[in-house]
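Worksheet: one structure, shown below.
Only a predicted model underlies this, so the values are computations on that prediction, with no experimental measurement involved. The basis for the numbers below is simple: all heavy atoms, side chains too, and nothing from hydrogens, waters or symmetry mates.
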Amino acid sequence: MNIKSLNEEIEKINRYLKNCRWMDFEICQLSFIRIEVGGQIDEILNKFAISIFFEQPTFVQCPLLWRLDDSKKFIELASEEEFKEINKKYFIEEGNFLFKINMEDYTEPAYIAARDIKCCIHDENPFRNFS
C-alpha cells in the first residue's frame with residue numbers, strides 16, 4: 001500500500017469515529033494473515049459498526065478489549081521516534097507500518113505493525129436510535 005492510500009484509510013476511520021459518542025473495540029480475529037478489530041456500540045447486539053483489518057501483521061501490543069478515547073484521534077501512524085523505540089525491542093520487518101491506536105483508560109497507546117490497513121463501515125449511523 002502506498003502512503004497516500006494508507007493515510008486516506010486512516011482518515012476514513014478517524015472521520016467516522018469522530019462522530020461516534022462511544023465505541024467498544026475488540027480483537028475478533030488474530031492470525032499471521034490478518035488482524036480484525038471490530039467496533040460496536042452495544043455488546044448485546046453482537047453487531048459491529050466498523051471493522052478495521054490489519055493485513056499481514058508482524059507485531060501486536062494491545063489489550064483484547066478497549067474503549068474509544070474521543071479526545072484524541074483513534075488511529076494514526078506512529079511517529080519516527082515511536083517506531084525506532086519499538087523497533088529496537090521487537091525488530092519490525094521492513095515494509096511494515098506501525099499503527100498507533102489511542103484508547104480510553106490506558107496511559108500508553110496500542111501498537112500494531114502491518115503491511116496494510118483496510119476499513120469496512122457496516123453502520124453509517126449507529127447512534128440513530130439514541131437521538
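By the 4.0 Å N-to-carboxylate-O rule, Glu82 lies close enough to Lys100 to be salt-bridged with it. The pair Arg115-Glu55 does not meet the salt-bridge criterion, since no charged nitrogen lies less than 4.0 angstrom from a carboxylate oxygen. Here Lys84 pairs with Glu80 in a salt bridge; the nearest charged N to carboxylate O distance falls below 4.0 Å. Ion pairing between Lys118 and Asp116 holds under the 4.0 Å rule for side-chain N and carboxylate O.
With hydrogens and angles disregarded, a donor-acceptor distance shorter than 3.5 Å links the side chain of Asn7 to the backbone of Ile3. Of the possible polar contacts, none joining the Asp123 side chain to the Ile50 backbone as a donor-acceptor pair under 3.5 Å is found. Between the side chain of Asn102 and the backbone N or O of Lys72 there is no donor-acceptor pair closer than 3.5 Å.
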Given side chain to side chain contact (heavy atoms under 4.5 Å, CB included), test Leu6 with Leu77 step by step and report yes or no. CA-CA 9 Å; Leu6 187 83; Leu77 288 174; 3.7 Å; yes
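When all heavy atoms of Ile92 and Asn87 are compared, the pair lying nearest together is N-OD1, 2.6 Å. The minimum heavy-atom distance linking Gly38 with Cys28 is given by the pair N-SG, 3.8 Å. Between Met23 and Leu17, the shortest heavy-atom contact is CE-CD2, 4.1 Å. Across Tyr16 and Ile121, no two heavy atoms sit closer than the pair CE1-CG2, 3.5 Å.
Counting heavy atoms from C-beta outward, Trp66 and Cys62 have side chains that approach closer than 4.5 Å. Side-chain contact between Tyr111 and Ile86 is present, with heavy atoms from C-beta onward closer than 4.5 Å. Here the side chains of Glu104 and Trp22 are not in contact, with every heavy-atom distance at 4.5 Å or above. Contact of the Phe74 side chain with the Asn14 side chain is registered, since non-hydrogen atoms from C-beta on lie closer than 4.5 Å. The closest side-chain heavy-atom distance from Phe99 to Ile117 is below 4.5 Å. Ile41 is not listed as a side-chain neighbour of Asp24, based on a closest heavy-atom distance of 4.5 Å or more. Side-chain contact between Ile101 and Pro109: absent, with no pair of heavy atoms (C-beta onward) separated by less than 4.5 Å. Side chains of Val37 and Phe53 form no contact here, defined as non-hydrogen atoms less than 4.5 Å apart.
The CZ atom of Phe54 sits 10.0 Å away from atom SG of Cys119, with the distance rounded to the nearest 0.5 Å. Atoms NZ and CD, from Lys12 and Glu8 in turn, are 10.5 Å apart once rounded to the nearest 0.5 Å. Remark: Cys20 SG to Asp70 CG distance equals 9.5 Å, nearest 0.5 Å. Note that the NZ atom of Lys4 and the CD atom of Glu9 stand 13.5 Å from one another [nearest 0.5 Å]. Once rounded to the nearest 0.5 Å, the distance linking CZ of Arg34 with CD of Gln56 reads 10.5 Å. The structure places CG of Asn19 at 10.0 Å from CD of Glu124, a figure rounded to the nearest 0.5 Å.
A single hydrophobic cluster is seen to contain both Leu64 and Met103, as judged by linkage of ILVMFWY side chains at heavy-atom distances under 4.5 Å, directly or through other members. No continuous path of hydrophobic side-chain contacts links Ile35 to Tyr90 [ILVMFWY only; heavy atoms under 4.5 Å]. When the side chains of ILVMFWY residues are joined at heavy-atom separations under 4.5 Å, either directly or via intervening members, Ile75 and Leu30 end up in a single hydrophobic cluster. Cluster membership for Phe127 and Leu68, using ILVMFWY side-chain heavy atoms within less than 4.5 angstrom, is shared.
Under the 6.0 Å cut-off for aromatic ring centres, Phe59 and Phe91 do not qualify, their centroids lying 6.0 Å or more apart.
With no hydrogens or angles considered, no side-chain donor-acceptor pair links Glu93 and Thr58 at under 3.5 Å.
Environment of NZ in Lys73: sparse, with no more than 12 heavy atoms of neighbouring residues, nucleotides or ligands closer than 6.0 Å.
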